[in-house]
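Since the structure comes first, as structure tokens, the remarks are kept for the end.
In what follows, chains are A, B, ... by sequence order, proteins preceding strands, each numbered from 1. All heavy atoms count here, side chains included; hydrogens, waters and symmetry mates do not.
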Amino acid sequence: MRALINDYLRSPRSLALACFFVIAMDAAHAFASESMPTNTKSVAGVLADVFQIKIATDANSPKAAYGSCFVVDAAGILATNFHVVAYALHDPKKYHLYLIDGDRSIPAEVVAIDAVNDLALVQVDRTFNRAVKFAHGLPESGDKIYSIGWPEDLNKAVSEGNFNGLMQAGPYRKIQMSIPLNPGMSGGPTINDAGEVIGVNVSLRADSQSLAFAIPYESLRTLMREKKASLSRPEDHDDFDETMRAQLERVQEEIATNVLRESDATLKIGSWNIFKPTKIVKCWHSQESGPRDQTQVITEQCYLSGSMPIKRDLDAGTFRLRYQAIENRNLNAWQFLHQLNDELEDQPFAIADKVERFTTSLRCRQLDLVNPKNVGLRVHYCVNGFVPYAEAYNLEFELVASSAQRTALLVSGSFLGFSAHNALAILRTIINSIAWDHK
Amino acid sequence: MILVKVHGSDHVETHKVEVFPCVIGRSMHCGIRVDDPSVSARHAEVHQTSDGYILKDLFSTNGIWQAGGKVKEVKIGARESIVFGDVQIEFITADILERTHDSKLLPHEHSEPAHWLALKIAASLLIALLVGVFVPTMEQYLWYWPPEKLSELAGRAILLWLQISAVALVISVFCKVNVKRFNFHKVLLLISLSLVAERLVSHFMPSVVYNLHNLAGAKFLKHLGYGAIIYILLLRLQRYAFPKWQLRYRRWVAIGVSLISITIIELVIERQLGERSRMADLGMPSSALAPAQSSDDLMFAIGLTIAATDQERIRQLERLESGDD
């Protein structure tokens, strides 16, 4: 039973593409020239608009993180991913951004961010001959598209693949595409046959075969419009924190509203009924029985496929839930409960404890209660808060409901970067909905 | 008053008897305790009559013997030597004491050397400690009670007995204390009974298994069992620490101490201490101690935790700002 349960949250997660602390460059690898796409003319036109961006303590430091960016305004504005520039944003005294232009490193500055869509605009003190053109619509599914970027700090590369449609999960919209992206290509453009930008490379699903994602171009255009409308002076550090806070607040509010709107949606799992949001989450169902002690485990895992990156390994604005109905008629009631209790204590919490400068230390507690449907519950929960963003918390909980009939319901979940009000409202909905179905 | 000299295998114990009737036997309740397997629990009794003292056999297994013959009743003369099973016991009446002023005949203040007393007290404490170690082990066994197969149950029981016997053996070797005196069978029985009672109460309570109240009731039963164990051990300890106290007083003291122990276990350790330390970690007021009953209480508790998080957040922010300056 333990083996079945403990692979908790091994759910596929987007992996940031930024490549940190890149290894020494391998000069023998010059593969950009060997595989030019067939549609050379239009793609080659865009190639010149794509640059490499470097995050380091100074211009000559070999210890650096790299990403890609492309010119969106010839006056010196380039677009990239938020997660590429996050280090320089969070610690502006230590890390600086540089645009690599041939042999030169030109200092760059972040001028606008949209963390929800993982986008950032940077400005450099130089003008360009031209900027990229945006498409006037997304391609058809199956159409050929290309991603451009600087994989692994090697040569500029073009990857070819197909457009597979748009993915919408709550406030997060992404282009799904089958293109082999590599770390370092984050922030580069995704273009169609005509050489028009349809998106910004953002992530690759770990363990997949070139299943990659890009941010649709509309989000970038919106950010550019907002940037133009506001004053053109570069915002300072505190302003970015405030922008992030506001964006996080908006995004979690939208998610919570979506979830709570369908508050009477219930799922029957084993002999239990429980609230399950359906509209904005993706769910996986599995049923297994342990070989040794015949424990039947029905699992339903749901998560929102998208999150707002705060920094490397720290996300917010997302949630996940896991329900498990466990049954074992071969054990007696005490053996069953004993096992269950062990199970509950063994569950590792997924939230990182204290992330220096970002989150407070994790505070955990356990409570027993009876819900309105007269089901006895034991609840473990852990809470911590974001330091730079007021009113944003991580809440993680695990609860067990058990009946005398040797069936139990294990529920665990986490809300990342939610307001206390919203996290509690969703948790309350879940807890109050748990009912045991007497057959 | 008579003097009773018990000739043991390695030493002679002398008792002064002033209260009659006085029972002689192996049981701890006897006025004179003779620790020998050939002596019955209640072997014989000394009565005081108008014309002297009489020793009566209390239907013992091995009887009392005088001058090689088994007797039912003996009139104790000035100096009488009687055999109880394998033990020779000498009775000396006051007359002869007054005449001879034989100081050697009078009992010592302590019939045993002082370091023996210390050793025995240490042994009692050691046993109490070991029982404390055993209880969790046994709980572990009993979680799987009743086991799927009878043979498993038997195996576990044997294992448990072996463990207890081993400890008893170690104690008896090191402290030269007869292991029987520690009433291991009673301790084991009580632990088992109290644990089983806890399980049964929880088992037959209605469907809400994780309800606090049921568990508290069940735990109380278990603690009652622990109280009884403390009572037995204390009674034993007092016998060495305060040999002159009357049994009646020892009992009252033991009952009092075990009741206080139960109260401490129940109220302080189980209910308050665990919870309070957790609350203190969270920086919560102790007024939030009441157990959660409904989802509203849970929300309230999480709210408090979040408030504690906010305090830490502000502290961190202040530290960051002062660090930046």
- [ ] Indicate yes or no: at least one non-hydrogen side-chain atom of A:Leu424 is less than 4.5 angstrom from one of B:Ile302.
- [x] yes

Open item on the list: Under 4.5 Å from any heavy atom of chain B, what part of A:Leu395 do you find: side chain, backbone, both or neither?
Closed with: side chain

- [ ] Can you measure from CD1 (A:Ile431) to CG (B:Leu298) and round to the nearest 0.5 angstrom?
- [x] 4.5 Å

- [ ] Would you sort out whether B:Ser295 and A:Asn371 count as a side-chain hydrogen bond (donor to acceptor under 3.5 Å, both in side chains), showing the intermediate values?
- [x] CA-CA 6 Å; B:Ser295 34; A:Asn371 82 352; over 6 Å; no

- [ ] Using non-hydrogen atoms and a 4.5 Å limit, figure out which bit of A:Ala423 sits close to chain B: side chain, backbone, both or neither.
- [x] neither

- [ ] Using modelled atom types only, decide if a donor and an acceptor are shared between the side chain of A:Arg363 and the backbone of B:Thr305 within a distance under 3.5 Å.
- [x] no

Task: Rounded distance [0.5 Å steps], NE2 in A:His421 versus CE in B:Met299 - done: 11.5 Å

Task: Under 4.5 Å from any heavy atom of chain B - which part of A:Pro388 - done: backbone

TODO: Check B:Ala301 against A:Arg365 and note the closest heavy-atom contact, atom names and distance.
DONE: CB-NH1, 3.3 Å

- [ ] With side-chain hydrogen bond (donor to acceptor under 3.5 Å, both in side chains) as the test, would you mind laying out the steps for B:Glu312 and A:Ser361 before giving the verdict?
- [x] CA-CA 8 Å; B:Glu312 191 191 331; A:Ser361 44; 2.8 Å; yes

- [ ] Please flag which part of A:Glu391 lies under 4.5 Å from any non-hydrogen atom of chain B: side chain, backbone, both or neither.
- [x] neither

Open item on the list: Do B:Gln316 and A:Lys354 make a side-chain contact, defined as non-hydrogen atoms from C-beta onward lying under 4.5 Å apart?
Closed with: yes

Task: Minimum-distance pair of heavy atoms, taken over all atoms of A:Val383 and B:Thr309 - done: CG1-OG1, 3.8 Å

Task: Engaged part of A:Tyr389 at the chain B interface, taking heavy atoms whose separation is under 4.5 Å - done: backbone

